[in-house]
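Everything numeric in this text was worked out from a predicted model, so none of it was measured.
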Amino acid sequence: MHMRPRSWPLLALTALAAAFLVARDAPAQDDDARLTLAGQVELPRLVDLAAQRLRLSIDYDAQVLKGTVTLRLDEALNDAELWMLVNRVLASRGFTTVRAPGESAYSVVRLADAPGLAPVVDVGPEPPGPAPGFRAAVVRVRHRPARELVEPLSKVLSRPSGSVTALDESLLLLADLAPRVEQAESLLALLDRPAAPPVVEEIRLTTLSPAQLAAVFAQLAAKRRLVAGAEPPAELVSLPESGSVLLIAAEAAAPHWRGVIAELDGRDRVETRTVVPRHHTAADVASLLDRTVRPGADDRFRVVIDELTGSLIVTATPAQHEAVEAVLARLADAPPSARRPMRSFVVRNRSVREVQAILEDLISAGVLEAAAEERPATTPTETPAIVPMPPPPAGAEAERAVADATAEPPRRPAQRPRAGEPPLVLTSDEGTNTLIAIGEPRLLAQVESLLRTLDVRQSQVMLEVLMVTLTDSEALDLGVEIEKLTSYDGVGIRLSSLFGLGVRGEGGALTGPDGGTGFTGVVLSPGDFSVIVRALQSVSAGRSLTAPRLLVGNNQAATLDAVVQQPFASVNASATVSTTSFGGTQDAGTVVTIRPQIAEGDHLVLQYSVSRSSFLGAAASPTLPPPRQQNRVQSVATIPDGYTVVVGGIDAEDRSKGVTQVPLLGDLPIVGEAFKSRRTSSTRSRFFVFIRATILRDRGFEDLKFLSDLQTTAADVDDGWPTVEPGIIP
């Protein structure tokens, strides 16, 4: 019969009234009394019916708990079944029942809020009455770590309300609908069982070493952990002394791992050999071997380039080594024209002639030529390489593909360059600063590698040299001359104490000095006596400063000469004639020679020589050069960048004291001063050299421009560049 929609409320009220009538007729205190429900029932009314039937206090929000439920039950329900039906219906609508800790009343809440409201039943005593629909329980794990059981137990819990948490190594917290918690507890009883003792077995190896197999097994375990997300139930310990490995695995999994070890140990043994390409570069040959010899199913094949010796270190099986030898033989049989290409290299930072000279010196020394000489193609070594985890062994089809790829025609004798033909020919074009090389690819690769080291732009060094000469001198002259004229019995007597202070006048009389300097006193009594007294003190101080500035490239020598040349004559005399000609020059001045080398850490190694000389006076003869004094400092020092250092200093001091006197009389106290002449002198000369080195590294030469601008501004010199000033564009 079809009914209109507005008849549904009436039908629901009728069904609820019938349910209440049945419930009223049955005794409430009898657990065996059964209740029959059928038809559509509103969800709040069903909760009220259970509360009345079971005599429970159930709270719920009527504004939230809404909707109807259709019941089609074949049998009547007792109280326990009715309570289970109510909780199942609430869970299907996103609700459940909880009971606050220590209370007997129940509450209908949303499933999402239940974990925070449900008490942990195993922590405290549970109040009497039926269990709520949502349950939180703490369970103890006895045989396995609690963290290992979180993942399997989460499979039986509902989403998103259910959860399982490891509180420590032996406790788990389960929170979910009561039936789900019971299922998790049943699953835990199956999982939490004592583990069977592992099997420990020693397996002897025949091909791989224990360390190699242990490395392969570790990689296999890592791959399994990455793919399956689980730890492999086996461990492997290498025993190098006995050539075996120790397998530790579960009893059920031990046969599987024995088969894995046997499969890994059954492949061909790999060997490491050194091969030397005769004509081609090691990098090109390695690339060719990787494309032609490497099989797709075995990744143990390895080729390592040894750039120091230009050789290849090949790790492969014996069959793969035979394929490598076949490839090298094919390359050696190539015609000479294919082995001697021509290449050009543009030299950007140095003179091409200079670079060519360096390379030709290497060729003359036999360095490049020795690299091209024929050497044994392979050098086997006894130590096998450590290999990564191998994949499953290749099948017969893969082996045939490798054999086809490496198949070679019958080997012919290797063709060498013609007799007298150099292995490498070099020429240069100075117009474009280009180096042209003709030779074997191996040698051309070495030339290219050398050019990367040789053709490098070098930084410049600004050198400032300050030379200071200080001279101090002092002289003191003090003397007395006395002369007495008398006669005795007609005999003239002259007594004199002379030291060259006076001169003889007419008639032989002693007079004062001509043009004397200092203090001079003369007492004359002609024909009777004369006294001359002279005192002179000379004090002088001199300072000479020379400050040359040099700009030099790294590891290049810079020389600065500031020299004065003094000519002198030469006299050639013969029996009849004497001729005077130019005899040469004597040089005096400043000569600075410095070679800087930029070392690690912005330090500078300076090889320097600083010389300063000067003339001491006029020449003794026109045919002799004038006397000259020279001070020179020469050494090697390491200084930091931008610092000023004193690299040399000469301090010379001369002192002299002279006394000229009349014997016996000059030794008399006080009176003896009239019979002596004193001369005291002292001279001190100091020579210092200061060097400041600054590295100029800017690729745009901005640092050099800055230093040059400072000097041009100080010298008031126009650099010729136009002045750029801002302007307004209308």
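Under a 4.0 Å N-O distance rule, the pair Arg684/Asp472 does not qualify as a salt bridge.
Qualifying side chain to side chain donor-acceptor pair (under 3.5 Å) partners for Thr638, counting only residues two or more places apart in sequence or in other chains: none. The side-chain contact (heavy atoms from CB on, under 4.5 Å) check on Pro567 picks up Phe582, Thr585, with sequence neighbours excluded. Residues that satisfy the side-chain contact (heavy atoms from CB on, under 4.5 Å) test with Ser351, not counting sequence neighbours, are Arg353, Glu354. Ser428 pairs by the side chain to side chain donor-acceptor pair (under 3.5 Å) definition with Gln356, not counting sequence neighbours. Judged as a salt bridge (charged side-chain N to carboxylate O under 4.0 Å, His left out), and not counting sequence neighbours, Arg632 has no contacts. Every residue was checked against the salt bridge (charged side-chain N to carboxylate O under 4.0 Å, His left out) condition with Asp429, not counting sequence neighbours, and none meets it. Shown here are the salt bridge (charged side-chain N to carboxylate O under 4.0 Å, His left out) partners of Arg628, two or more places apart in sequence or in another chain: there are none. A search for salt bridge (charged side-chain N to carboxylate O under 4.0 Å, His left out) contacts involving Arg692 returns nothing, not counting sequence neighbours. Under the side chain to side chain donor-acceptor pair (under 3.5 Å) criterion, Ser613 pairs with no residue, sequence neighbours left out. Applying the side chain to side chain donor-acceptor pair (under 3.5 Å) test to Ser540 and every residue at least two apart in sequence or in another chain returns Ser473.
A pairwise comparison of heavy atoms in Val610 and Met467 identifies CG1-SD, 3.1 Å as the closest pair. Contact record, Tyr608 with Ile594: CB-CG1, 4.0 Å, taken as the closest heavy-atom pair.
Taking CD1 from Ile438 and CG from Leu443, the interatomic distance works out to 12.5 Å, rounded to the nearest 0.5 Å.
The salt bridge (Lys or Arg N to Asp or Glu O under 4.0 Å) pairs that include a residue from residues 585-596 number zero, where partners must be two or more places apart or lie in different chains. Screening residues 535-544 for salt bridge (Lys or Arg N to Asp or Glu O under 4.0 Å) gives no qualifying pairs among residues at least two apart or on separate chains.
A donor atom on one side chain and an acceptor atom on the other are not found under 3.5 Å apart for Ser344 and Thr434.
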